[in-house]
Each structure stands twice: as structure tokens, then as C-alpha cells.
Enquirer: 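Below is the structure I would like to discuss, written out as C-alpha cells.
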Amino acid sequence: MYIVAIVGNSLIMAAVQADSALHEPMYLFLSMLAVTEVGVSVSTLPTVMGILWFDARQVDFDGCLSQMFFIHTFSCMESGVLLAMSYDRFVAIYNPLRYTAILTQPRIICMGLGITLKSVTFMAPLPILLKQLPYCHTNILSHSYCLHSDLIQLPCADTKFNSILGLAIVLATFGLDSLLIVVSYILILYTVLGIASGEGRRKALNTCVSHICAVLVYYVPMIGVSVMHRAAKHASPLVHTLMSSIYLFVPPVLNPIIYSVKTKPIRQGIATLFSCKRELL
């Protein structure tokens, strides 16, 4: 799964970078999504592979906080990029003639930097505050990597403020992003219904299929993990571990496959990369 996630997303980034025909807003946003998914995969890799391959079941506290920060930051960036991609689809359908004039490369770069800055700003307080708390007993984590929801249960001090802050950050980032994605698709649907021909409506909606799949692949496991933590507290720990692993592993693995299968220019770009390699050999 790590190989598929890292190699698949790296191929998408390389194809977009190498092919000038893919220097369009949709593919630039897809390249950003690939960067965030490689980031999530690399962030979890040290402890997951350490446990499964080397039975290394201890992690340094500072290392754990660092891993938590990068996992949550890249996950927040992924959510922000999915929101930007929904806006991209709305502009492409609502105003196709001015699509590239509205979403210019400088604006896309600014959006990417804004998403990164927002994610870092929101997630930075979490490890800083956890670092200040006392830990006075055996600290056992539920997962094979460090998450804020797991670490917040370990201190032997009042963590109410940390819990409230964590919830507020979730609502201000993932909650707001998902709400705006829904609003974007309501506007897209309203615009598509205004297209006169049935063929035109079908083509317009077909351009959104890959993004809708990416949104579902990202948010459905996240909702599943949240429900499991609240509604199934007494379930087997293996169930919680399985759900949390699905949440972090499935999107980076499936998204490159989805976009490679559903998007012909990406398939052609990847094929061009391999054909160039053969010519060099």
C-alpha cells in the first residue's frame, strides 16, 4: 500500500510537471493533492513499518508530537486542496470560456500557499500545548502512529482546554471545508441543470466524477473513524485500529488509481514518462 501510494502519487506529480499540456488548473490542483498524500504516507511510515516489520513498539515523545503535527497538517492540507478542486470544477462548468483566465498559475500558487499556511497555523498549537502537560504513568497508544485524539487521553492533568481547542480546529478546518464542498456542488448542480442539452449536462457532470470519488474516499473513512470513537467505544481495539488505518491509508492508495483510470490526459502523461524512460535506456 505504501508503494502504491507513494509511487502512484509521485507519477502523477512527475507527469504534470513534465507535460506542458497538463499545466492547467485541474491538473495543478491534482498535483497538489498528490503532494499532500505523499506527505501523509511518509509521516506514518516510520512507526507503522517499525511496528509491523521490526517489532519496534516504542516512540520518542518529541518524535511522536512531530509525527502527530505532520499527519494532521497534511490531512488538513488535503481537505483544503479538495475544497480548491471543487471550486475549480465550479468555475470550469459555470464560466468555461474564462476558466484559465480566472484560475491563473499565480492564483493557484497563492491558493496552495494559503492552504499550507492555514494548515500549519491551525495545527501548530496542538503539539506545543501537549508538550506542556505532565505525563506520569505508562503511556500506551491505540494506533501505530500518533494522533491528537489518542495523545490527549494520556496526560494526568485536566485536558478540557486541549479537547475544546482540538474540536474547534476540526470544525474550522475539516468541517468548514466539507460544508463549502457541499455548497460548491449545489452550485454546480444548479449550473448543470441550466444547460439545455442532455449531452452537455452529461459531459459537465462527468468532469466531476473523479473529484466526487476523491471526496468520498477522503471523508467517508474520516466519518467512520469519528463514529467508531463515539458510538463504539467498547468495540475491539482491533476494530478501532483497522478503521484508523483505513482512514489514513485508503485515500493515498485509491486517488492515484481513480484519477489514472478516469482521466485520459493523466494516463497519457504517465505513459509518456515511461516511453521517455525506454528511449533513454
Side-chain angles (χ1 to χ4, degrees), residues 9 25-26 29-37 39-41 43-44 68-94 103 108 111-126 147-149 152 163-192 205 207-232 243-256 258-259 262:
N9 284 292
M26 174 183 174
F29 283 125
L30 177 57
S31 185
M32 288 185 196
L33 184 67
V35 170
T36 64
E37 291 178 340
V40 171
S41 297
S43 298
T44 60
M68 181 200 76
F69 170 75
F70 284 112
I71 289 173
H72 289 304
T73 298
F74 280 116
S75 295
C76 185
M77 288 171 62
E78 187 173 356
S79 177
V81 172
L82 287 172
L83 172 58
M85 292 173 79
S86 70
Y87 175 69
D88 164 78
R89 292 299 82 211
F90 170 68
V91 174
I93 293 170
Y94 180 75
L103 289 172
I108 292 171
M111 291 171 73
L113 292 174
I115 290 167
T116 304
L117 182 61
K118 180 199 78 170
S119 303
V120 171
T121 302
F122 273 109
M123 298 305 166
L126 298 180
L147 293 178
H148 184 260
S149 58
I152 199 68
S163 298
I164 293 172
L165 178 65
L167 178 61
I169 289 172
V170 168
L171 293 175
T173 53
F174 302 102
L176 184 60
D177 288 348
S178 59
L179 177 62
L180 292 175
I181 289 171
V182 171
V183 171
S184 296
Y185 271 99
I186 291 172
L187 294 173
I188 288 170
L189 188 59
Y190 180 78
T191 303
V192 168
L205 286 174
T207 64
C208 300
V209 171
S210 296
H211 180 255
I212 291 171
C213 290
V215 170
L216 293 175
V217 162
Y218 180 76
Y219 281 102
V220 169
M222 179 189 288
I223 293 168
V225 170
S226 299
V227 170
M228 285 297 299
H229 271 292
R230 287 160 179 78
M243 287 300 297
S244 63
S245 297
I246 288 172
Y247 161 55
L248 284 183
F249 280 108
V250 168
V253 170
L254 287 187
N255 280 336
I258 291 169
Y259 276 96
K262 294 293 296 180

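Computed from heavy atoms alone, side chains included, the values below leave out hydrogens, waters and symmetry copies.
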Enquirer: Where is the tightest heavy-atom contact between C76 and K118, given as atom of each residue plus distance?
Expert: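 Smallest heavy-atom distance, with atoms named: SG-CE, 4.1 Å.
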Enquirer: Taking the side chain as C-beta and beyond, is there a heavy-atom pair between S43 and F69 under 4.5 Å?
Expert: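 No, too far: nothing below the 4.5 Å cut-off.
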Enquirer: Among S210, C208, P25, which one satisfies side-chain contact (heavy atoms from CB on, under 4.5 Å) with R89?
Expert: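 It is C208; the other options fail the test.
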Enquirer: With rounding to the nearest 0.5 angstrom, report the CD1 to CE distance, I246 to M222.
Expert: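 Going from the CD1 atom of I246 to the CE atom of M222 covers 14.5 Å.
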Enquirer: How long is the span from the CG atom in L180 to the OH atom in Y185, to the nearest 0.5 Å?
Expert: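 Here the interatomic distance stands at 13.5 Å.
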Enquirer: To the nearest 0.5 Å, what is the distance between CG (L126) and CG (L147)?
Expert: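 L126 CG to L147 CG: 11.5 Å, rounded to 0.5 Å.
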Enquirer: What are the two closest heavy atoms between M123 and F174, and how far apart are they?
Expert: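 Heavy atoms of M123 and F174 come nearest at CE-CE1, 4.1 Å.
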Enquirer: Over 60° means perpendicular and under 30° means parallel, so classify the ring planes of F90 and Y87, tilted if in between.
Expert: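 Ring orientation of Y87 relative to F90: tilted.
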Enquirer: How many angstroms lie between CG in L83 and CG in D88, if you round to the nearest 0.5 Å?
Expert: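 Rounded to the nearest 0.5 Å, the CG-CG separation comes to 11.5 Å.
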Enquirer: Which heavy atom in P256 sits nearest to a heavy atom in P252, and how many Å separate them?
Expert: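 Looking at all heavy atoms of both residues, the shortest contact is CD-O, 3.1 Å.
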Enquirer: For the OG atom of S41 and the CD1 atom of I71, what is their distance to the nearest 0.5 Å?
Expert: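 Output value for this atom pair is 10.5 Å.
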Enquirer: Does a side-chain heavy-atom distance below 4.5 Å link I115 with V81?
Expert: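 Yes, close enough: below the 4.5 Å cut-off.
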Enquirer: Tell me, do I188 and H211 make a side-chain contact under 4.5 Å, heavy atoms counted?
Expert: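 No, too far: nothing below the 4.5 Å cut-off.
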Enquirer: Would you say the side chain of S75 lies within less than 4.5 Å of the side chain of Y247, judging by non-hydrogen atoms?
Expert: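 Heavy-atom side-chain distance check passes, below 4.5 Å.
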Enquirer: Rounded at 0.5 Å granularity, tell me how far CE in M85 sits from CE in M111.
Expert: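 M85 CE to M111 CE: 11.0 Å, rounded to 0.5 Å.
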Enquirer: Donor-acceptor pairs under 3.5 Å, side chain of residues 29-37 to any protein atom, not counting sequence neighbours: which ones?
Expert:
| unit_1 | atom_1 | unit_2 | atom_2 | d |
| --- | --- | --- | --- | --- |
| T36 | OG1 | L33 | O | 2.7 |
| E37 | OE2 | N255 | ND2 | 2.4 |

Enquirer: How close do V217 and I258 get, heavy atom to heavy atom, and via which atoms?
Expert: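 Closest approach of V217 to I258, heavy atoms only: CG2-CD1, 3.9 Å.
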Enquirer: Are any non-hydrogen side-chain atoms of K262 and C213 less than 4.5 angstrom apart?
Expert: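 A side-chain contact under 4.5 Å is absent here.
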Enquirer: Under a plain distance cut-off of 3.5 Å, with no hydrogens placed, do S79 and Y219 share a side-chain donor-acceptor pair?
Expert: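 A donor-acceptor contact under 3.5 Å links the two side chains.
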